[in-house]
Number of protein chains: 2
Amino acid sequence: MLTLNQLRHFHLVAETGNFAQAARLAHITQPALSNSIRLLEEKLALQLFDRRDRPVRLTAAGRELLARSQTLLSESRNLEKSISYMSEGSVGHLRIGMTAVSSASIGGEILARWCGDRPGLSADVTVANTPILLDMLRDETLDLVIGEARDLPKSTTDFETEALPLQSGGAFCRDGHPLLGKAALEFSDLLPYRFAGSHFPTVLLDELAQHFGLKDRREIRIAIDCDNIAVLRDAVANSDLILLTTRACIRNALATGQIRQLPVEIDVNAVWQAITLKTSVPHPAIPDLREVIREATRPRPA
Amino acid sequence: MLTLNQLRHFHLVAETGNFAQAARLAHITQPALSNSIRLLEEKLALQLFDRRDRPVRLTAAGRELLARSQTLLSESRNLEKSISYMSEGSVGHLRIGMTAVSSASIGGEILARWCGDRPGLSADVTVANTPILLDMLRDETLDLVIGEARDLPKSTTDFETEALPLQSGGAFCRDGHPLLGKAALEFSDLLPYRFAGSHFPTVLLDELAQHFGLKDRREIRIAIDCDNIAVLRDAVANSDLILLTTRACIRNALATGQIRQLPVEIDVNAVWQAITLKTSVPHPAIPDLREVIREATRPRPA
DNA sequence: CCGGATTACGCGAACCGTAACAATG
DNA sequence: CATTGTTACGGTTCGCGTAATCCGG
C-alpha cells in the first residue's frame, strides 16, 4: 500500500538528485531515506533510480512515477494546508439561514465582512421563515440561522441562541403619503390604511394590538405578507400601504426619498437571534462568524 | 503527518455511516478502524463524526474534509493503478528515435500496433540521423532508437543492439523515365543520372562503388540528400533523378504508379538496428516495444 | 581519501487483533 | 437483548537513528 511519505521522499531525491540533501529536506537521516526509497522500489517492483554513477539519476520508470505522482503530492500539500486552516476555522463552506428582513437588513454586510477578508470561506444562504430555518437547522441542512426571536420555541434546550442587538424598525410609507402631512401622529391614525411586511408572527401582531389598546389584532389589516423585500418596497412606493420593517431593510429607498418613515413610535423593533444546534458539533468557523455577526449588528450612529 | 490509509478509512466510514461495515470494506477489525479514526481526529484537532446517536453522522468539519480529500483519494487510486500497469510495462511515455527512412517505412506501423491496443502508452518520435539519435540515447533524451546498422560505432559495449530483418530496397525513378525502356539494365547504366536519397552513409557509397567496380565513389553523384521523404518523392517524380531507398518507404507512390522500381539488383537493402542504452535502466515497456518492432519488420508476402 | 550511498542492528511508535465494556435503539 | 462503537492490552511491523561498510571520483 502506497504511502504519501514514501512519495514525498522519492520526489525530494528526484528533484535534488542527491540522497544526502534530500534527507536533510525530509528531516531524516540519509540511511533512513535510502531505506525508504529501497522499500518503495521493492513495493512497486520498479527500479526508480540508477545508482551506478553519481549523481544518481532517475530511470525511465522513475520519470513516469515522478510525472504521475506530481498531482497527488500537490493535492496532499493543498489538503494539509486546508486542514490547518480548518482547525482554526479559517476555511470551509457554511450554510446560513436568514429571514427575509434580516437578510435584506444585515445579511449582505455580514457576508461581505465575513467572506471578504477570508479567502478560504464561502457560504450558502437560504432565506425562509424562522420555523422553516429551524427545521433545516435541526436536520443539519444549515449550520447557523439568524431568526426572529419571537418565532423561537419556548424550550430552546437544543439550540444555542444568542440575542442580537435590537434593530430599529418603524412604519414607512411612500413619499407624498397623506399621513406625512399630519401633525402629532398616533398609531391609531395608521389603522385606516392597510399594512405590508414580511412574515408577521402572530405574536407580534398580538403585542402591537395590545400595546395600542385594540380589541382585536385583526384591526391591523395585512394587505401584503411577502418574503421578498423588493416586492414590498415597490408595492408601498406605489400605493398608500404602510410598511412595517427595519430601517436597514429599506435604507436605499429611504436614501432616495422614495420611501419615508412615519414619525410614530411603534414597537416593531426586530429582535433577532443567531442560532446554532447545540446538539451538533459546530463548524470550526462558527465562532468566527458569530463574532462577525455581533460586529455587524452592533448599533452605530446613523 | 497525514496518511492515505487514514483518509481511506475516513471515507469508508463517511460513505457507509457505519463503522462495522466500513471495517469490513477496509479489511480490518472494527476496533482498529475506530482507533484509526480517533487518531485522525486527534491529529487534525478536528471532530469528524458525531457519535452521539446512531447512525454516526459527519460533522461540519467532517463534511469539509470529505469534500476536500475526494480528489486526493481518487488521484491515489489512479496512481496505484498506473503503477501496477507500469510494473508490467503497459503504461508510460516512450521517446523513440528513428531515421527518416525507417520512420517513413515502418515507423507508422510500429506506432499503430504499439499504441493502438495499449491505451496507457504514448510515444514521442524524433527523426534524425543515426549519430544524432545515438547521442540523444546516450544522454537519455531517448529511450529507444531505430538506426542504421552501418552508422553504429564499432565498439557497441554500451548499446543493446538488435538487428532487424533486412528491408528490401532498390533504385526508383519516375514513371516514363528513359531507363525504364532499356532491357537488361545494369548498375552502370544508372551512373549518367544523379541520385537522391536520405542521409547516405559514406560507407554505403563506398560499398556500392566497390561492389560495382568503380574507381571512386564520387562517380555516384548525389543530387539530393534530404531527411524528408516527401521531398525526395516529389523531386524524383518530377525529374530524372534516381531514388535509392526501401520499397516500404515509397509504397504509396509505387501503388499509384507515380514512381516505378528500376529492374536492377543493387545492395541498398536497409539494415536497421533497434538500439537501447545498456548502461541505463530500461523503461518497463521496452521489451514489449521490441517485440512489436520485431513483428512489424518481419518479412511478409507483398 | 573524502563525500555519498548502502547494510546491519536496536529501539520506539504505530497499527492491528482479541477481548471486555458501554451505549443506543 | 442485539447491534454498534469504545477502551484495554499484547504482539507484530514499520520506520527512524547510530554505527559500520562499501563505492565512486
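Quantities reported herein were computed from a predicted structural model and do not represent experimental measurements. Order of the sequence lines fixes the chain letters, A, B, ..., with proteins taken first and strands second; residue numbering starts at 1 for each chain.
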Can you name the residues that form a side-chain contact (heavy atoms from CB on, under 4.5 Å) with S122(B), not counting sequence neighbours? H93(B)
R38(B) CZ to dC15(C) P, straight-line distance once rounded to whole Å: 11 Å
Report the residues that fulfil side-chain contact (heavy atoms from CB on, under 4.5 Å) with S34(B), sequence neighbours left out, ordered by chain and then residue number. F19(B)
State whether the side chain of N18(B) and the backbone N or O of A20(B) hold a donor-acceptor pair below 3.5 Å, judged by distance alone. yes
Please report the distance, rounded to the nearest Å, between CG in L33(A) and P in dT6(C). 9 Å
By side-chain hydrogen bond (donor to acceptor under 3.5 Å, both in side chains) - contacts of E80(A) (at least two apart): none
Mind listing the side-chain donor-acceptor pairs of residues 40-50 of chain B below 3.5 Å, one per line with the distance, residues two or more places apart or on another chain?
unit_1: E41(B); atom_1: OE1; unit_2: R51(B); atom_2: NH1; d: 3.2
unit_1: E41(B); atom_1: OE1; unit_2: R51(B); atom_2: NH2; d: 3.2
unit_1: E41(B); atom_1: OE2; unit_2: L48(B); atom_2: N; d: 2.8
unit_1: E41(B); atom_1: OE2; unit_2: F49(B); atom_2: N; d: 3.2
unit_1: E41(B); atom_1: OE2; unit_2: R51(B); atom_2: NH1; d: 3.2
unit_1: E42(B); atom_1: OE2; unit_2: R38(B); atom_2: NH1; d: 2.9
unit_1: K43(B); atom_1: NZ; unit_2: M1(B); atom_2: O; d: 3.1
unit_1: K43(B); atom_1: NZ; unit_2: Q6(B); atom_2: OE1; d: 2.9
unit_1: Q47(B); atom_1: NE2; unit_2: F49(B); atom_2: O; d: 3.0
unit_1: D50(B); atom_1: OD1; unit_2: R52(B); atom_2: N; d: 3.2
unit_1: D50(B); atom_1: OD1; unit_2: R52(B); atom_2: NE; d: 3.1
unit_1: D50(B); atom_1: OD2; unit_2: R52(B); atom_2: NH2; d: 3.0

Is there a side-chain polar atom (N or O) of R51(B) under 4.0 Å from OP1 or OP2 of dT6(D)? yes
Could you list the residues that satisfy side-chain contact (heavy atoms from CB on, under 4.5 Å) with V127(B), not counting sequence neighbours? A100(B), S103(B), V125(B)
Quickly work out the I37(A) CD1 to dG4(C) P distance and round it to whole Å. 17 Å
Would you jot down, in residue-number order, the residues of residues 16-32 of chain B having a non-hydrogen atom under 4.0 Å from DNA chain D? N18(B), F19(B), A20(B), Q30(B), P31(B)
So do the side chains of P282(B) and L144(B) get within less than 4.5 Å of each other, counting heavy atoms only? no
Across all chains, not counting sequence neighbours, the side-chain hydrogen bond (donor to acceptor under 3.5 Å, both in side chains) partners of T141(A) are D139(A)
Donor-acceptor contacts, no H, no angles, side chain residues 270-277 of chain A, under 3.5 Å, sequence neighbours left out:
unit_1: Q273(A); atom_1: OE1; unit_2: E162(A); atom_2: N; d: 3.4
unit_1: Q273(A); atom_1: OE1; unit_2: A163(A); atom_2: N; d: 3.3
unit_1: T276(A); atom_1: OG1; unit_2: R290(A); atom_2: NH1; d: 2.9

Contacts to DNA chain D from residues 4-15 of chain B, heavy-atom cutoff under 4.0 Å, which residues? none
Listed partners of S198(B) passing side-chain hydrogen bond (donor to acceptor under 3.5 Å, both in side chains), at least two apart: D227(B)
Distance check needed: dT18(D) P versus N35(A) CG, whole Å only. 15 Å
Partners meeting side-chain hydrogen bond (donor to acceptor under 3.5 Å, both in side chains) with T71(A) (sequence neighbours left out): E75(B)
Degree of bending, the helix from dC1(C)-dG25(D) to dG25(C)-dC1(D) (end axes from five pairs; round to 10°): 30°
Please classify the nucleic acid contact of L39(A) as base, sugar-phosphate, or nothing, using heavy-atom distances under 4.0 Å. sugar-phosphate
Here the distance between atom P of dA23(C) and atom CG of D50(B), to the nearest Å, is 16 Å
I need the CD-P distance between Q47(B) and dT6(D), as an integer number of Å. 11 Å
